[in-house]
Student: 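Before I ask anything, here is the structure I am working with.
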Amino acid sequence: MAEVIVLDSETAAGTLAAASIRALIARKPDAVLGLATGSTPLSVYAALAASLAEDPLDMSRVRGFALDEYVGLPTGHPESYRAVITRDVVVPLGLDPANIRTPNGDVATLETAGIDYEAAIFAAGGVDVQILGIGQTGHVGFNEPGSSFASITRIKTLTEKTRVDNARFFDSPDQVPIHCMTQGLGTIRRARHLILLAFGEEKADAIAAAVEGPVSSSKPGSVIQLHPHVTVLVDEAAASRLANRDYYAYAYAHKYAWQGI
Ligand code: GLP
């Protein structure tokens, strides 16, 4: 089962995740990070950047694969996930941009973009740690409800709900692309460690469904129940609909130090 850790702030969750990622890079300098966009993982990137500023680590060989990308945004569009990952992750962590890939959302090459991305992840030896947020529809990456648990990187059509949720990053809702390229749930399942973060009451239903609901492609986040190493970092509000919340706290309080997250 996923390890659920309820923390009192986003900052605390970011610090915990960043410490785990830092330890990974220290023991594997060419570690492969699975990078998520959205507001949720920002505390992780900020904590890791702060830790590196205080105590530098060689980041020159770290590799990264973004989870998803919009289709059809012009190159360099500030809300393309390539631009977001560059701004929020590559620059603050001092990563080499040549080591970081995002799915290719160029309309001209969509037919082969998914399989090319899968091949690149495979050639890199797979993702060591995948950071994940979750959408209110229960999507991870852009795997909307109904996505196959075996899916690979491919084009998806965004739900209206997701387009409305993401409209805050654009000048108007109709500027949010209709399509995206996203790693599949099968791709995500192959990452060796998943760290899923969620904050706020509006994520409580999605988290309850992912952690405790039936495993169902109607709730794509429930894919975590099929994975052997998952850490769910949530605040009280996002944890508020978990039936076994007390047990998770009890289990975390009684962990052995060697277990890490
Ligand atoms: C987008 C991203 C997801 C992210 C979700 C939630 O749809 N493709 O990877 O998890 O938004 O975003 P936020 O973290 O801003 O709530």
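Ligands are counted one by one from 1 in listed order, and the atoms in each one are counted from 1 as well.
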Student: If you measure from each heavy atom of R168 to ligand 1, is any distance below 4.0 Å?
Tutor: yes
Student: Closer than 4.0 Å to some heavy atom of F142 - which atoms of ligand 1 meet that?
Tutor: 1 (C), 7 (O), 8 (N)
Student: Is there side-chain contact between M181 and T153, with heavy atoms separated by less than 4.5 Å?
Tutor: yes
Student: Number the atoms of ligand 1 from 1 as they appear, then name those within less than 4.0 Å of a heavy atom of N166, with their elements.
Tutor: 1 (C), 7 (O)
Student: For Y81, counting its heavy atoms only, list the atoms of ligand 1 lying under 4.0 Å from any of them.
Tutor: 1 (C), 2 (C), 8 (N)
Student: Counting neighbours of CG on L226 that are heavy atoms of other residues, nucleotides or ligands and sit closer than 6.0 Å, is the number greater than 12?
Tutor: yes
Student: Please list, in number order, the atoms of ligand 1 under 4.0 Å from a heavy atom of T40.
Tutor: 13 (P), 14 (O), 16 (O)
Student: With only distance considered, is T37 within less than 3.5 Å of ligand 1 through an N or O on each side?
Tutor: no
Student: Name the closest protein heavy atom to atom 11 (O) of ligand 1, giving the residue it belongs to and the distance to 0.1 Å.
Tutor: H139 NE2, 4.0 Å
Student: Heavy-atom distances under 4.0 Å decide this one: backbone, side chain, both or neither, for F199 against ligand 1?
Tutor: neither
Student: To the nearest 0.5 angstrom, please state how far the CG atom of L185 sits from the OG atom of S151.
Tutor: 4.0 Å
Student: Do D55 and R22 meet the salt-bridge criterion of a basic N to acidic O distance under 4.0 Å?
Tutor: yes
Student: For atom 3 (C) of ligand 1, which candidate among G221, G133, G141, G38 provides the closest heavy atom?
Tutor: G141
Student: In terms of residue, atom name and distance, what is the protein heavy atom nearest to atom 6 (C) of ligand 1?
Tutor: I134 O, 3.7 Å
Student: Would you say the side-chain atoms of T137 and E144 include a donor-acceptor pair closer than 3.5 Å?
Tutor: yes
Student: Starting from atom 16 (O) of ligand 1, locate the nearest protein heavy atom and write down its residue, its atom name and how far away it is, to 0.1 Å.
Tutor: K203 NZ, 2.7 Å
Student: Work out whether the distance between some heavy atom of Q136 and some atom of ligand 1 is less than 4.0 Å.
Tutor: no
Student: For the 3.5 Å polar cut-off, considering only N or O atoms, please tell me whether T162 and ligand 1 meet it.
Tutor: no
Student: Out of C180, S39, P41, A36, whose heavy atom sits nearest atom 13 (P) of ligand 1?
Tutor: S39
Student: What residue among I134, L196, I188 forms side chain to side chain contact (heavy atoms under 4.5 Å, CB included) with I224?
Tutor: L196
Student: With a 6.0 Å cut-off on ring centres, are Y70 and F169 close enough?
Tutor: no
Student: So which protein heavy atom does atom 8 (N) of ligand 1 come closest to, and at what separation?
Tutor: D68 OD2, 2.7 Å
Student: Are R190 and E118 side-chain neighbours, meaning at least one heavy-atom pair lies under 4.5 Å?
Tutor: yes
Student: Does the side chain of R163 come within less than 4.5 Å of F170's, by heavy atoms?
Tutor: no
